[in-house]
S.K.: 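Just dropping this structure here.
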Amino acid sequence: MGLHPLEFSECYLDSPVFREKIKAHEAELDKTNRFIKELYKDGKNLINATKQLALAQRKFAQSLGEFQFEYIGDAKTDDERCIGECGAVTTYSWVVLPAERKKYEKETEKYYSSLEKLLNMSAKKKEPQLQEADSQVETIRQHFQEESLDYVCKLQEIQERKKFDCVEPMLAFFQTVFTFYHQGFELANDFNHYKKALQINIQNTRSRFEGTRVEVFELMKRIREVPQEYRQTSPISSEGYLYVQEKRPPPFGSSWVKRYCTFVKEQKILHMVTFDHRSGGKMGETESVTLKSCVRKTTDMLDRRFCLDIEITDRPGTVLTVQSLSEDDHKFWIHAMGGKEPVIDAQLDDVGLSFVKNAINAIETRGINDQGLYRVVGVSSKVQKLLSLMIDEKSNDVDLSTCEDWDVKTITSTLKLYLSPESRSQAIHCLVHKLPEKNRLVLGLLMKHLATVAAHSKLNLMTVANLGVVFGPTLMRPQEDTVAAIMDLKFQNIVVEILIEQHKKVTGDGGLWTRSPGSDSGQSSWFRAMAVYPCEAEHESELSFQVGAIFSAVAPSREPGWLEGELEGKKGLIPENYVEML
């Protein structure tokens with residue numbers, strides 16, 4: 001087995017396996033350089049040491065016989081096999097690109113150092129600062145990948161050139177040696193047919209190299225122009241770098257460790273291997289976990305961008321927090337792992353108002369003088385637990401100002417999470433889906449129309465805010481004419497603004513469902529589906545099922561990534577990627 005080819009597309013993944021291939025090529029060129037130097041030294045001794053001619057000849061023949069070329073790929077051409085059997089000697093000192101290698105390692109260090117600095121940057125910094133930092137790292141990344149492409153191209157070029165650039169001087173050397181001796185003429189005649197055949201082999205190899213070189217440069221040019229189209233992907237797995245949060249016992253906190261991850265989609269297994277380019281590229285042990293769910297982590301819960309919470313089945317209750325390298329990488333991993341947005345069951349009702357008052361009172365009573373108030377975030381699991389507790393009518397009577405079970409940072413993080421735009425849109429989404437179907441249909445059509453009107457606000461001057469002022473009182477008329485109702489007008493406007501801005505998510509695509517021919521609005525859809533993976537419901541609105549379960553009345557849900565269906569007389573939500581339509 002020869003050397004593995006270095007694919008340009010692998011420069012963008014920069015995986016540990018790719019680094020091992022580069023090391024193998026570098027080691028081969030180092031070995032070639034050492035052999036060539038040794039052969040040159042022995043050839044020089046052969047010319048100069050006439051008194052020890054026999055010894056020098058044996059040593060030279062021995063070195064020549066032990067040397068072999070390593071070739072790229074699984075098989076050799078006849079020309080390469082012939083060249084490999086003859087050995088090589090050259091009067092040139094081949095050096096394994098020390099300057100290019102040093103430059104490549106320097107760019108590697110520069111890129112990953114700047115990347116870690118960017119990922120450690122607080123998400124609370126101003127947007128221009130974050131954009132500037134992202135732009136700087138993007139520039140460094142592009143420069144690093146260009147250097148990687150150039151270095152890989154040069155490395156393989158030298159691997160191929162050595163076949164003829166080494167052997168040609170050897171032929172000239174032997175010609176000189178044979179001419180030097182009295183019997184050189186006879187030996188040269190005997191060697192002539194072999195020399196001509198070898199010259200043809202060398203010329204064929206050189207011609208193939210020149211033709212291949214043009215194609216390689218064309219491929220590198222195409223990849224450099226649109227690198228995203230050449231990123232190596234597999235239909236059965238996804239791979240790339242993730243920073244994994246590793247928790248340590250107090251007071252050490254936690255650390256972030258870079259790991260190369262491969263996610264096998266069908267088995268939902270995530271393989272993680274520790275690999276640091278700056279430590280000589282040494283790989284650690286591989287850890288494998290089975291994925292249960294993947295949820296995007298908001299910056300309200302953790303002051304780092306591009307994070308995901310991964311729940312694993314191997315250790316129930318354990319959640320791995322990982323950080324991707326960029327926004328595009330973040331979307332890539334969410335799609336690969338079937339990730340979801342965090343679900344907040346917050347409601348715009350008296351329970352929610354009671355929680356807000358309770359939380360504010362507790363913060364002002366217990367933590368108004370705490371340093372970093374609202375900046376220091378609480379533990380994600382505790383925040384989710386407190387929010388679920390406080391929006392439940394049966395268990396929301398806890399006085400947070402006196403309860404020591406919940407620290408101040410957990411309360412502030414819960415309040416921020418409840419008041420976030422995602423919570424409000426989720427709450428409105430729940431209320432909209434309680435409307436009668438015809439009302440929901442009309443609301444969807446109207447919001448889609450108003451979104452189109454707002455898209456032309458530069459000409460008609462009707463922004464989303466202006467439309468909220470106009471349609472707020474119309475769509476959300478108070479039950480009675482009171483001062484309190486008038487004071488709530490601003491909230492009506494805000495709700496209408498959210499309905500317009502997020503009409504696709506909140507109301508669906510106009511609420512238009514495909515029905516079977518002749519069925520009325522009360523009948524189910526004619527679609528049927530079969531489960532290809534088992535699922536355990538995490539919420540009351542979801543269905544639990546095993547592989548092979550058949551669902552009836554299947555229709556698109558207004559919740560992205562979900563379907564609505566019926567199983568054994570029970571209706572609920574079904575993960576879209578867990579079933580096949582029949």
Side-chain angles (χ1 to χ4, degrees), residues 233-238 263-270 290-296 308 310-313 331-345 425-426 429-430 432-441 443-445 448 502-582:
T233 57
S234 167
I236 62 173
S237 65
S238 301
F263 179 66
V264 184
K265 299 177 183 178
E266 184 174 353
Q267 289 82 17
K268 291 192 171 184
I269 297 178
L270 181 65
T290 304
L291 181 77
K292 181 179 181 182
S293 64
C294 174
V295 180
R296 182 180 68 83
L308 299 167
I310 299 175
E311 187 177 357
I312 57 179
T313 60
K331 295 177 181 177
F332 168 78
W333 283 110
I334 288 179
H335 176 75
M337 297 183 183
K340 304 177 183 177
E341 292 293 320
V343 177
I344 310 297
D345 296 326
S425 62
Q426 179 68 24
H429 177 274
C430 294
V432 167
H433 278 253
K434 292 181 180 180
L435 294 172
E437 183 174 352
K438 290 184 178 179
N439 296 62
R440 191 166 62 241
L441 172 62
L443 180 64
L445 292 172
K448 184 177 181 181
Q502 304 189 35
H503 69 282
K504 291 184 179 180
K505 179 178 180 181
V506 175
T507 66
D509 190 14
L512 299 174
W513 287 11
T514 303
R515 300 287 182 179
S516 58
S519 64
D520 57 29
S521 61
Q523 299 296 323
S524 63
S525 171
W526 57 272
F527 291 108
R528 298 171 67 243
M530 182 180 70
V532 294
Y533 301 106
C535 178
E536 186 69 23
E538 299 179 356
H539 301 281
E540 294 181 358
S541 61
E542 300 175 11
L543 294 176
S544 297
F545 50 86
Q546 299 297 323
V547 176
I550 303 298
F551 302 92
S552 60
V554 178
S557 170
R558 292 173 177 81
E559 187 70 23
W562 293 81
L563 300 172
E564 294 178 355
E566 183 175 343
L567 177 65
E568 298 177 354
K570 182 180 179 181
K571 295 182 179 180
L573 295 174
I574 310 164
E576 188 174 5
N577 55 354
Y578 275 54
V579 300
E580 287 182 350
M581 302 304 296
L582 299 177

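Note that the structure is a prediction, hence the values are computed from the model and not measured.
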S.K.: Closest heavy-atom contact between Ala529 and Met581?
M.R.: CB-SD, 3.9 Å
S.K.: Going through the distances and angles, do Lys292 and Ile312 end up as a side chain to side chain contact (heavy atoms under 4.5 Å, CB included)?
M.R.: CA-CA 5 Å; Lys292 181 179 181 182; Ile312 57 179; 6.0 Å; no
S.K.: Report the distance from atom CG of Leu308 to atom CZ of Arg296, rounding to the nearest 0.5 Å.
M.R.: 9.0 Å
S.K.: Can you tell me how far apart CD (Glu568) and CG (Leu543) are? Round to the nearest 0.5 Å.
M.R.: 9.5 Å
S.K.: Are side-chain heavy atoms of Leu291 and Leu270 found at a separation under 4.5 Å?
M.R.: no
S.K.: Would you say Ile310 and Met337 make side-chain contact, with heavy atoms under 4.5 Å?
M.R.: yes
S.K.: If I compare all heavy atoms of Lys571 with all of Glu566, which pair ends up nearest, and what's the gap?
M.R.: CE-OE1, 3.6 Å
S.K.: Using a 4.5 Å cut-off on heavy atoms from C-beta on, say whether the side chain of Glu266 contacts that of Val532.
M.R.: no
S.K.: Should Leu573 and Leu563 count as side-chain neighbours, where that means a heavy-atom distance under 4.5 Å?
M.R.: no
S.K.: Just wondering, do Val579 and Met530 contact through their side chains at under 4.5 Å, heavy atoms?
M.R.: no
S.K.: So, using side-chain contact (heavy atoms from CB on, under 4.5 Å) as the criterion, who are the partners of Ala549 when residues are at least two apart?
M.R.: Ala531, Phe545, Phe551, Leu567
S.K.: At their closest point, which heavy atom of Val547 faces which heavy atom of Pro534, and how far apart are they?
M.R.: CG2-CD, 3.4 Å
S.K.: Verify side chain to side chain contact (heavy atoms under 4.5 Å, CB included) between Val554 and Glu564, making sure each step is shown before the conclusion.
M.R.: CA-CA 6 Å; Val554 178; Glu564 294 178 355; over 6 Å; no
S.K.: Is there a side-chain contact between Phe332 and Ser238, using heavy atoms and a 4.5 Å cut-off?
M.R.: yes
S.K.: Taking side-chain contact (heavy atoms from CB on, under 4.5 Å) as the definition, give me every residue that meets it alongside Ile269, ordered by chain and number, with sequence neighbours left out.
M.R.: Gln267, His271, Ser288, Thr290
